[in-house]
Amino acid sequence: MAAPKTQGAATQGEEDGDGNRGGTGGVSYEDSKDCILEPLSLPENPGGTTSLEGSPSVPCIFCEEHFLIDEQDKLLKHMIIEHKTVIADVKLVADFQRYISYWRKRFTEQPITDFCSVIRINSTAPFEEQDNYFLLCDVLPEDRILREELQKQRLKEILEQQQQERNDNNFQGSCMFCNEEFLGNRSVLLNHMAREHTFNIGLPDNIVNCNEFLCTLQKKLDNLQCLYCEKTFRDKNTLKDHMRKKQHRRINPKNREYDRFYVINYLELGKSWEEVQLEDDRELLDHQEDDWSDWEEHPLSAVCLFCEKQAETIEKLCVHMEDAHEFDLLKIKSELGLNFYEQVKLVNFIRRQIHQCRCYGCHEKFKSKADLRTHMEEAKHTSLLPERQTWDQPQYYFPTYENDTLLCTLSDSESDLTAQEQNGNIAIISEDTSKLHALKQSSILNQLLLHESLKN
């Protein structure tokens, strides 16, 4: 594959002075969908080279140079110097290996100027001193969709791994402070270290890749390094005294090495949990008021799934959606036997499709929500839901709109009653909480969680 040419007049993808792109940057819905799915399921390299899956190296997009996955910066530097190509916001790419594999294939199919903005440097200098650089960024719809799909795939993999670890009762490990051996679930060891040694790395359910996390911490202790201040000491006794006296039995929250072990860091790319929390705190401070005497509570209104109509109760909103759009949410809930979380995923799925002006019945995309609504009502597609596996996915646990009040009004009371009738009206008897340890071991919740994981 030839490297992009860097001399000569600006091509059709060149940016003007305002930073706008010309050329053929846009892609249709069907084209972008086809392009995105291929590298996620079947990664492929041009020229018959070895597949990247499981490989410790990543090739350059334009040539046969390979770099170790951990040497990502060297690859980026090589692309800038040798091929005058820059990838914007690399830290927001969830899977760098698949991202490079995808564009390596695409650049063999079309010219680079069809995808990249062209930035001319030294534009006021003589022609022979001018040069062009190529910027690949998410301004291009295809690149943005690729990044979003990679993020969804990464989040799905992390949640599946987390669920597997939560249900794994074959964990085996020893305490880092007293060397006591533990068998069973990982939470037993983590709770022991928190309770007996005041070493708390967070709730077990918030941690992923727990074995790797514990090995990382153990290796630091074996190297006589404090986990909090990260200073190195001459022997184990000195290290133990230091961590006990200085209350350093905790990890360093500023060490980004630990971010990959917490699920929250996979929810929003480019932001750690501290940054997300800081944004929430700032928003609280900005809206803080000293005088609350004129406070008036306003009733919350839920918005229709298909139009701007608002209602104060879900009953009124369901009547409106049934009359105006022939969409019976309560009937769908009853027929499909949806619990609360399944209703949440269905509502978030519909919200996202409507927001993107895409009909979920036939997958056709429209220029405006009004055109989409007219089509769905005329074609009777409002009640034509896709297959369950299309919307029953972990990504739809997260709301499309942060202030979607409809999610707060959903209830699974009817499904609970139905389940109770099917089981012969079994009475629910409260358990004795005086023996809490025995209760946890024999709780029916353990069986329910195991059954749910097997079903998924």
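The basis for the numbers below is simple: all heavy atoms, side chains too, and nothing from hydrogens, waters or symmetry mates.
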For the residue pair [X] and [Y], confirm or rule out a side-chain donor-acceptor distance under 3.5 Å.
X: Gln356; Y: Arg351; value: no
X: Gln153; Y: Asp95; value: no
X: Gln97; Y: Tyr102; value: no
X: Asp143; Y: Trp103; value: yes
X: Asp371; Y: Ser368; value: yes
X: Gln161; Y: Glu165; value: yes
X: Asp222; Y: Gln218; value: yes

Between [X] and [Y], is there a side-chain N and carboxylate O pair less than 4.0 Å apart?
X: Arg388; Y: Asp392; answer: yes
X: Arg166; Y: Asp205; answer: yes
X: Glu109; Y: Arg106; answer: yes
X: Glu64; Y: Arg104; answer: yes
X: Glu142; Y: Arg147; answer: no
X: Lys219; Y: Glu257; answer: no
X: Arg260; Y: Glu212; answer: yes

Calculate, to the nearest 0.5 Å, the distance between atoms CD and CG belonging to Glu377 and Leu372 respectively.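 Reported value, rounded in 0.5 Å steps: 9.5 Å.
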Under 3.5 Å, side chain of [X] to main-chain N/O of [Y], donor-acceptor pair present?
X: Glu230; Y: Gln225; value: no
X: Thr400; Y: Asn348; value: yes
X: Asn265; Y: Asp259; value: yes
X: Arg186; Y: Ile207; value: yes

Under 30°, 30 to 60°, or over 60°: which ring-plane class applies to His325 and His320, parallel, tilted or perpendicular?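 Judged by the thresholds at 30° and 60°, the geometry between His325 and His320 is perpendicular.
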Angle class for the Tyr396/Phe349 ring planes (parallel below 30°, perpendicular above 60°, tilted otherwise)?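 Tyr396 and Phe349: perpendicular rings.
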Quick check, are the ring centers of [X] and [Y] under 6.0 angstrom apart?
X: His83; Y: Phe134; value: no
X: His381; Y: Tyr360; value: no
X: Tyr266; Y: Phe261; value: no

